Structure formats: C-alpha cells, structure tokens
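For the single chain, residues carry numbers from 1 onward in sequence order. As the structure is a prediction and not an experimental result, all values here were calculated from the model.
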Amino acid sequence: MAIETTRNNICVNHIIGQKNENFVVEGDSIIPDIKPDIISQISTSGTVCIYKKELIDGKVRLDGCIDTYVMYLADDENSSVRSVNVNLDFTQIFDMENATSDMSLETNVKLKNIECKIINGRKINIKAFLEAGIKITSREELDIINNVNLKGIQMLNQNMSINSLIGNGSTKTYAKDTIVIDNIDNLAEIMKTDLHILNKDVKISYNKVLAKADLNIKIMYLTDDNRINTVQSTIPVMGFVDIENVSEEDICNTKYEIKNVVVKPNNTEEHSIYVEAEIEISCEVYKNQDINIIQDLYSPISNIIFTQKQVQILQRVENTQSVCNIREKQNVPEIGANKIYDVNVNIDITKQTILNDRILYEGELNLSYIYDTGNNNIDIKKTKIPFNFNVDVMGINQNANVETDAEITMQDFVITNDGSIDVKVDITFNVTLIKNTMINIIDDIKEDENRSINTCSLVVYYVKDGDTLWKIAKRFKSTVEEIARINGIENENKLNIGQQLFIPRFNG
C-alpha cells in the first residue's frame with residue numbers, strides 16, 4: 001500500500017563534463033596589393049571571436065576567428081611601419097563524453113600566444129595558440145520527500161542549504177561608438193586594436209537580469225604623414241536576460257563572450273574611427289534554499305519498502321573577487337626615454353595551489369613594449385614580471401571545484417626621470433567556488449500489509465565499531481528515543497565500543 005508523503009521540488013544543475021583543451025590555429029595570408037612588401041614583423045596581436053558554439057552528442061563544436069593585426073617593417077624607401085589585418089577562421093571539435101544536444105554549454109576561449117612567420121615579401125604565416133575552457137551542465141527537476149505521514153515512522157533527516165537553479169538564459173548585445181582622434185591626424189590605417197570587457201555588474205529586476213559592463217578599446221593608428229598615434233575609449237555594454245522568478249537575493253553567474261568585432265575608419269565623420277562589437281551575455285541564476293532530506297527510514301511496527309538512489313547536487317556557488325596590485329620599476333635600456341606606444345600584457349598562471357580557506361596563485365606577467373626608436377620607427381621589447389597572490393575563499397579545500405578568471409583591469413606605464421619604467425598593473429581574480437555533494441533520495445515508499453505485529457520484547461546488545469544509535473534502532477525495530485531513554489544516554493551521537501545497551505524491540 002502506498003504511503004502519503006509531502007515533497008520539496010528543487011532544480012539542480014549537474015556538471016556532466018569540464019576540461020581545458022589547448023589547440024592551435026594556423027593559416028597563411030597574402031599582403032594586400034595596396035600595401036608594401038614585408039621585411040620583418042614587429043608585433044602580432046589578436047582578439048578571439050566565437051561565432052557559434054554547438055553541442056553534438058559526445059562532442060563540442062566551436063566556430064570562430066582570431067582578428068589579428070600584424071605590424072611590420074615595410075620594404076619601401078622610408079622603411080616605414082605598416083600593418084595588415086587578418087581574420088584567421090577556425091572550426092574546432094572537442095570530445096566530451098556523455099554530452100547531449102539538450103544540455104547547456106559554457107565556453108571560455110583565451111589566446112595564449114600568437115606568432116607570425118614571413119614566408120616571402122608578400123606572404124606570411126600566422127600561428128595562434130589557444131586554450132578552451134569547456135563546461136557541460138544538465139538541468140534536472142527533483143522531487144524530494146521531506147515527510148512521511150505514517151504512525152510510528154522513524155526518519156533520519158538531514159537539513160542542508162543548497163543552491164537551487166532558478167533558470168538560465170542568454171542575449172546578444174552590441175557595443176557601438178565613434179571614437180574621435182586628433183584633428184591634425186588624417187587616418188591612413190589601423191595598426192592594432194586591444195579589447196577588454198571590464199567592470200562587470202548585474203542588477204535584478206522583475207523577471208530580468210540586467211548585465212552591465214564596459215568594453216575598453218585601445219587603437220594604434222597610422223596617419224597620412226607617417227606618424228603613429230593611439231586613442232583609447234570605453235564603451236558601455238548592457239543587456240537584459242529574461243529569467244522568471246528572480247529576486248535581488250539570488251546568485252548570478254554572468255559570462256561575456258565577444259562574437260564579432262568591426263573597427264574601421266568612419267565613412268561619415270572625419271578624424272574618427274567606428275567601433276562595433278557583438279557580445280553574447282549568458283547568465284545562470286541560483287536561489288539559496290534550505291531543504292530537509294530523509295536519508296533513511298523504517299517503522300518499528302510496520303514493514304516499510306522503499307527505493308533509494310544517490311544524486312549529486314550543487315550545494316553552493318560562491319563568487320569571490322580580489323585584486324592583485326603589481327607595482328614595479330623596470331629598467332629597459334633599449335627604451336630609455338623614448339615614447340612607448342603600447343604594451344601588450346598577457347597573464348600566465350603557472351601554478352594554482354588550494355589550501356584551507358585560500359588559493360595561492362603563482363604566475364608571471366608577459367610584457368611586450370612597443371616603443372619609438374627615433375624618427376617614428378618602432379621596435380618591440382619583451383620582459384616578464386613574476387607574481388604570487390593569495391585569494392581568501394572561506395570553506396575551500398583541496399577537493400573543491402574552482403573556476404578562475406584573471407583579467408587585466410588597469411595598466412599604466414610611465415617613463416620616469418631616471419629612465420626607468422613605472423609599471424602599474426591590476427589583475428582582478430574572479431574565483432567561482434562550486435561545491436557539489438551526494439545526497440540520498442528516497443522514493444516509492446510502500447507498506448507491506450501482510451506483516452503481523454506482536455508485543456514488545458527487550459534484548460541486550462553490545463556496541464560494535466561503526467555502530468550508531470540509528471543503525472541499532474533500525475536493526476532491532478526500536479527507536480533512537482527509547483534506547484536513549486532506557487539506557488540514560490544524554491548524547492545520542494556518542495557511543496563506546498563494548499557498551500551494553502538494553503533495547504526495546506517489536507517482533508514481527
């Protein structure tokens with residue numbers, strides 16, 4: 001006979017698969033006819049754009065490109081500095097066991113390094129080294145029994161706080177702006193661009209998550225009279241993600257991904273550059289929920305039959321942000337007092353050590369100074385700055401699932417009076433701690449009506465290693481309360497091996 005129960009409904013997000021994969025994108029490109037031949041490359045940089053991402057059974061497919069700029073020394077009478085913009089398209093497929101098309105896919109593709117090799121004066125080879133962070137999750141609705149309406153039922157309960165998934169979603173938005181350059185500058189060509197999404201924030205309104213950030217863009221350009229200059233601008237990014245039943249107390253995990261970038265001279269306004277970036281914003285929202293879970297049950301007077309399974313649930317998601325301030329003076333004799341046009345800054349985290357309540361990061365900043373050598377000629381100088389940084393994360397341990405996103409949120413390089421370079425770089429560490437736990441779910445509870453009930457008897461039992469009052473009571477069809485009462489036990493969680501217990505028992 002089925003037994004009446006009450007239930008809690010929770011929505012959980014299972015991590016089906018998660019990994020980081022390194023891959024290489026390589027391709028040849030021809031220098032356009034309108035540009036002079038290449039003698040040597042000065043610097044190569046790029047921005048990763050993901051056009052499309054797709055989950056196929058057992059596989060993940062990414063389609064995208066690397067928007068690259070190659071600055072080079074030209075084979076002309078002035079040995080001028082020129083640049084060529086190349087889109088390096090790629091399609092990459094990764095094996096992800098147990099992934100199916102109805103699951104959710106999260107990716108984070110980073111450009112680790114990029115190289116340019118000259119094949120001949122009109123042809124170059126570009127090789128990019130990338131790292132793809134991939135996470136596959138599956139959403140599941142669970143009905144958890146929290147009470148059983150049966151006389152004499154004994155239940156072993158566990159109260160716990162979990163993050164129940166409210167919903168997820170995504171939206172596309174555009175960051176557009178016209179960036180004004182100096183009036184004396186007649187734009188000849190764009191030499192290099194750097195894009196970073198900074199100052200991420202969320203606001204929750206009725207059934208919507210408002211995601212806000214800034215797109216910081218720095219552009220190096222060449223003028224008609226062969227001068228090199230830079231301009232920098234910040235473009236607001238904003239998008240609404242529709243998710244029902246969200247509230248201000250909920251936890252939001254928000255991701256930004258650049259899908260496409262357009263940077264070109266403005267056709268309608270002189271002395272300006274048009275910038276347009278297509279950005280996808282994705283968001284997961286969790287609600288903190290206290291639930292009562294029945295771990296085990298029995299009846300001293302009835303024969304209870306039930307099924308039981310173990311399910312992994314997301315117990316908690318915690319976001320921690322901490323800023324590493326790097327302040328250093330570098331002596332670079334090659335640069336001296338010359339003008340610095342730009343500095344490429346790349347973070348390389350070489351080691352991550354999880355300790356109790358904190359994470360120790362070890363790594364280095366890779367700096368590529370692009371500077372004026374005189375007469376508006378350009379060269380590049382590479383240096384490194386090692387760093388160690390601790391992020392305090394309460395409750396973290398070596399078995400925790402940790403996601404780290406480190407980004408440059410401020411950089412400033414000033415040549416001082418003594419000829420050294422005053423380096424100021426802020427690295428913002430965004431750390432997401434994901435705690436999963438296994439729980440027992442009891443279902444399909446029935447009572448065997450054929451059982452006969454007799455009177456209570458008393459047995460003597462000696463405690464063995466691994467015994468608990470619950471296990472003893474269930475074994476002898478008694479109750480924890482009765483055993484504790486008869487034996488004068490004040491702390492139900494403390495038993496001694498060999499301890500004698502008198503156990504009231506119902507015989508069936």
Side-chain angles (χ1 to χ4, degrees), residues 10-20 103-108 110 131-140 142 158-168 197 199-202 204 209 211 213 243 246-257 281-291 293 311-324 347 349-363 387-407 409 426-439:
I10 64 171
C11 181
V12 296
N13 216 15
H14 301 293
I15 298 178
I16 303 301
Q18 187 172 13
K19 65 179 180 179
N20 290 328
M103 296 177 180
S104 296
L105 169 63
E106 181 182 309
T107 62
N108 183 18
K110 295 181 179 180
E131 180 184 66
I134 303 169
K135 184 168 73 173
I136 311 295
T137 58
S138 176
R139 179 173 177 169
E140 181 181 359
L142 294 178
Q158 180 183 5
N159 294 314
M160 61 189 309
S161 178
I162 68 167
N163 288 150
S164 176
L165 180 67
I166 294 177
N168 53 17
I197 297 175
N199 305 324
K200 302 168 187 175
D201 191 19
V202 293
I204 296 175
V209 174
I243 299 178
V246 297
S247 64
E248 293 182 0
E249 296 79 22
D250 295 332
I251 303 167
C252 292
N253 277 346
T254 308
K255 306 289 184 182
Y256 295 78
E257 194 168 65
I281 305 173
S282 56
C283 184
E284 291 178 344
V285 180
Y286 296 91
K287 177 181 181 181
N288 188 269
Q289 186 174 350
D290 294 323
I291 60 172
I293 301 174
V311 177
Q312 185 184 61
I313 66 169
L314 182 67
Q315 186 174 8
R316 194 164 79 242
V317 176
E318 290 184 358
N319 296 316
T320 301
Q321 187 177 92
S322 190
V323 179
C324 172
I347 308 169
I349 298 176
T350 56
K351 187 177 181 181
Q352 172 183 294
T353 305
I354 298 177
L355 307 170
N356 289 332
D357 295 331
R358 65 190 176 100
I359 307 174
L360 172 61
Y361 294 98
E362 300 176 42
F387 67 86
N388 295 306
F389 187 64
N390 286 317
V391 178
D392 294 328
V393 183
M394 294 299 297
I396 196 172
N397 56 50
Q398 294 181 356
N399 299 319
N401 186 351
V402 177
E403 297 176 5
T404 301
D405 182 22
E407 59 185 7
T409 48
D426 288 350
I427 307 174
T428 298
F429 285 81
N430 296 290
V431 180
T432 302
L433 171 62
I434 301 173
K435 286 192 174 181
N436 294 304
T437 188
M438 299 296 296
I439 62 170

Would you sort out whether Gln321 and Lys200 count as a side-chain contact (heavy atoms from CB on, under 4.5 Å), showing the intermediate values? CA-CA 11 Å; Gln321 187 177 92; Lys200 302 168 187 175; over 6 Å; no
Distance col, row Ile243:CD1 vs Asp250:CG, nearest 0.5 angstrom, shows 9.5 Å
From Thr409 atom OG1 to Asn199 atom CG, the distance as rounded to the nearest 0.5 Å: 8.0 Å
side-chain contact (heavy atoms from CB on, under 4.5 Å) assessment of Val285 paired with Asn168: CA-CA 6 Å; Val285 180; Asn168 53 17; over 6 Å; no
Please round to the nearest 0.5 Å and tell me the distance separating atom CG of Leu433 and atom CD1 of Ile359. 7.5 Å
What is the distance from atom CD1 of Ile166 to atom CG of Asn13, rounded to the nearest 0.5 Å? 12.5 Å
Mind running side-chain contact (heavy atoms from CB on, under 4.5 Å) on Glu106 and Thr137 for me, showing each step along the way? CA-CA 8 Å; Glu106 181 182 309; Thr137 58; over 6 Å; no
Is Ile396 close to Asn356 at the side-chain level, that is, under 4.5 Å between some pair of heavy atoms? no
Would you mind reporting whether Met394 and Asp392 have side-chain heavy atoms less than 4.5 Å apart? no
For Gln312 versus Met438, what's the shortest heavy-atom pair and its separation? CB-SD, 3.3 Å
Quick one: closest heavy-atom pair of Val209 and Cys283, and the distance? CG1-SG, 3.9 Å
Can you tell me how far apart OH (Tyr256) and CG (Asp405) are? Round to the nearest 0.5 Å. 12.0 Å
Please walk me through it: do Asn430 and Asn319 pass side-chain hydrogen bond (donor to acceptor under 3.5 Å, both in side chains)? CA-CA 7 Å; Asn430 296 290; Asn319 296 316; over 6 Å; no
Which atom of Asn20 lies closest to which atom of Ile134, heavy atoms considered: OD1-N, 4.5 Å
Quick check: does any side chain N or O of Ser164 sit under 3.5 Å from a backbone N or O of Cys11, one acting as donor and the other as acceptor? yes
Between Cys252 and Ile204, which heavy-atom pair has the shortest distance, and what is it? SG-CD1, 3.7 Å
Holding to side-chain contact (heavy atoms from CB on, under 4.5 Å), I want the full list of residues that pass it with Thr437, two or more places apart in sequence or in another chain. Met160, Ile313, Gln315, Ile439
Whether over 12 other heavy atoms sit under 6.0 Å from Lys110 NZ: yes
Nearest non-hydrogen partners of Gln289 and Ile10, listed with the distance: NE2-CG2, 3.6 Å
What distance do Gln352 atom CD and Leu360 atom CG have between them, rounded to the nearest 0.5 Å? 9.5 Å
Closest approach of Gln18 and Asn401, non-hydrogen atoms and distance? OE1-ND2, 3.2 Å
Trace of the side-chain hydrogen bond (donor to acceptor under 3.5 Å, both in side chains) decision for Thr107 with Glu257: CA-CA 9 Å; Thr107 62; Glu257 194 168 65; 2.9 Å; yes
Just jot down the ring pair (Phe, Tyr, Trp, His ring centres under 6.0 Å) partners of Phe429, sequence neighbours excluded, or say none. Tyr361, Phe389
side-chain contact (heavy atoms from CB on, under 4.5 Å) against Asn159, all qualifying residues, sequence neighbours excluded: Asn292
Is it the case that Asn288 and Ser161 place a side-chain donor and acceptor less than 3.5 Å from each other? yes
